[in-house]
Amino acid sequence: MALAETRPAPAAGDAHPSQPHDLTRLQKRLRHQVGQAVADFGMIEEGDRIMVCLSGGKDSYTMLDILRQLQAKAPVRFELVAVNLDQKQPGFPEHVLPAYLEGIGQPFHILEQDTYSVVKRVVPEGKTMCSLCSRLRRGALYTYAEQNGFTKIALGHHRDDLLATFFLNLFFHAKLSGMPPKLQSDDGKHTVIRPLAYVKEADIAAYAEAKAYPIIPCTLCGSQENLQRKVVKRMLEAWEAESPGRLETISRALADVRPSQLSDRALFDFMALGRRGDMPLPDGRAWMAEATVAATDDDEAMPAAPKPDALAALRAKTFDPIWNP
């Protein structure tokens, strides 16, 4: 698939000529939301050297733009360096990002690594490429960050990305977890921040259009319409269209977790709840053994758990109205 034609880069701070007042209001809202996220999660500290991962998409352009605006008036001093990973996709317009970044006076580095060939060689035709591509990209960026003394790595994931990840984990991995606004890598060497955690994708799209960023689409996997993430995204869009404000409510819920109202025994001590004095704790194996005996002797015992194929079919049937609105 050929790359879409890119647009010329605007000068820093340019407003869309037809809607300057709307752009100003949107810009203020984005600055407020990003500033709030930075403050709420302690994303940026005095003396930070931040690697801003710039893909050439609307999200990372917006993130860099807003961080630059905050940098000018922030209560702490920090450095921003835009870093792009050139994955050597055929037809990739190598000149676009350097021209844009030089035009706005932004320090940057283009990191070159041929992950494209690796992904195309390893992943069978028609299979999802995102997982392997993401791991290779993350490894390259983390290595560069460590070698060059970056204290934070900024990624352009927005509020809707965080929600989609939550539902992906819920529906496909049977766990309540998501994409946090701030995290530490497994090896403890890197702190990753997501300054757009409170920002709606629709606002980013409107801002990027008004600013006329030279968007570079992903041609490696962007045409894979059946990706689980895209299915979840369509579900979320349908929910928001049916009940405006629902996604904001769910987003707030992710920041208001009640462990005692869930079922994670590692997160909340249910054993101690309501325990009377020194009464012995229940023997789980004994209870399960009794249940096993009862199930053996009783014709009306509970049915066995469905086989994986049957369970998958049941889930598909249950969620059919959601997955296929």
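One is the number of the first residue; the rest follow in order along the sequence.
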query = For the side chain of Ser251 and the backbone of Leu247, is there at least one donor-acceptor N/O pair under 3.5 Å apart?
reply = no
ask   = If two hydrophobic side chains count as joined below 4.5 Å and joins carry through other members, does Leu64 share a cluster with Phe108?
value = yes
ask   = What class does the angle between the rings of Tyr144 and His109 fall in, given that below 30° is parallel, 30 to 60° is tilted and above 60° is perpendicular?
value = parallel
request  = Determine the sole option in Ile153, Thr151, Val192 for which the side-chain contact (heavy atoms from CB on, under 4.5 Å) test with Met51 is passed.
outcome  = Ile153
query = Taking side chain as C-beta onward, heavy atoms only, is Phe150 less than 4.5 Å from Val81?
reply = yes
request  = Would you name the heavy atoms of Lys58 and Ala205 that are closest together and state the gap between them?
outcome  = CD-CA, 3.9 Å
query = Roughly how far, to the nearest 0.5 Å, is the CG atom of Leu30 from the NE2 atom of His158?
reply = 12.0 Å
query = Which value, rounded to the nearest 0.5 Å, describes the distance between Ile215 atom CD1 and Glu209 atom CD?
reply = 10.5 Å
Approximate separation, where rounding is to 0.5 Å, of Gln228 CD and Lys230 NZ = 13.5 Å
key: Shortest non-hydrogen contact between Pro181 and Leu162, atoms and distance   = CG-CD2, 4.3 Å
remark   = Nearest heavy-atom approach of His190 to Tyr142 is CE1-O, 3.1 Å
message = Assess the residue pair Arg234 and Val231 against the criterion (side chain to side chain contact (heavy atoms under 4.5 Å, CB included)); give the C-alpha distance rounded to whole Å, side-chain angles, the decisive distance to 0.1 Å, and a yes or no.
response = CA-CA 5 Å; Arg234 291 196 294 269; Val231 174; 3.5 Å; yes
query = Could you give the distance from NE2 (His157) to CE (Met63), rounded to the nearest 0.5 Å?
reply = 9.0 Å
message = Please list all pairs meeting ring pair (Phe, Tyr, Trp, His ring centres under 6.0 Å) that have one or both residues in residues 244-274, counting only residues at least two apart or in different chains.
response = Phe268-Phe270
note = Note: Gly156 and Asp161 closest approach over all heavy atoms is O-OD2, 4.3 Å
task = Could you pull out the closest heavy-atom pair between Gly178 and Thr165, with the gap in Å?
result = C-CG2, 3.8 Å
remark   = On a heavy-atom basis, the closest approach of Cys53 and Leu155 is SG-CD2, 3.6 Å
inquiry  = Salt bridge or not between Lys200 and Glu248? Use side-chain N to carboxylate O under 4.0 Å.
reply    = no
ask   = Does a salt bridge link Arg25 with Asp22, judged by any charged N lying under 4.0 Å from a carboxylate O?
value = yes
Residue list, side chain to side chain donor-acceptor pair (under 3.5 Å) with Lys233, at least two apart or on another chain = Glu201
Residue pairs involving residues 173-182 (criterion side chain to side chain donor-acceptor pair (under 3.5 Å); sequence neighbours excluded) = Asn169-Ser177
ask   = Within a strict 4.5 Å, meaning less than it, do heavy atoms of the Val52 and Gln106 side chains meet?
value = no
key: Residue pairs, two or more places apart or on separate chains, that pass side chain to side chain donor-acceptor pair (under 3.5 Å) and touch residues 76-85   = Glu46-Arg77, Arg49-Glu79
message = Rounded to the nearest 0.5 Å, what separates atom CG in Leu67 from atom OG in Ser60?
response = 11.0 Å
ask   = Would a distance-only check, ignoring hydrogens and angles, find a side-chain to backbone donor-acceptor pair under 3.5 Å from Tyr61 to Pro214?
value = yes
ask   = For Lys189, does its backbone N or O pair with a side-chain atom of Asp187 as donor and acceptor, under 3.5 Å?
value = yes
task = Using a 4.5 Å cut-off on heavy atoms from C-beta on, say whether the side chain of Pro195 contacts that of Gln33.
result = no
query = Do Leu101 and Leu54 have side chains that get closer than 4.5 Å, going by heavy atoms?
reply = yes
Close side-chain approach of Arg31 and Ile66, heavy atoms under 4.5 Å = yes
inquiry  = Looking at Arg68 and Ile104, would you say the former's side chain and the latter's main chain have a donor-acceptor pair under 3.5 Å?
reply    = yes
remark   = Using a 4.5 Å side-chain heavy-atom cut-off and chaining through intermediate ILVMFWY residues, the residues clustered with Leu267 come out as none
message = Let me confirm one number: the CG-CG distance from Asp160 to Asp203, rounded to the nearest 0.5 Å.
response = 9.5 Å
ask   = Shared ILVMFWY cluster between Leu183 and Met179, side chains joined below 4.5 angstrom?
value = no
Which residues share a side-chain contact (heavy atoms from CB on, under 4.5 Å) with Leu254, sequence neighbours left out = Leu163, Phe166
ask   = If Ile, Leu, Val, Met, Phe, Trp and Tyr residues are connected whenever their side-chain heavy atoms lie under 4.5 Å apart, and connections chain through other members, are Leu273 and Val257 in the same group?
value = no
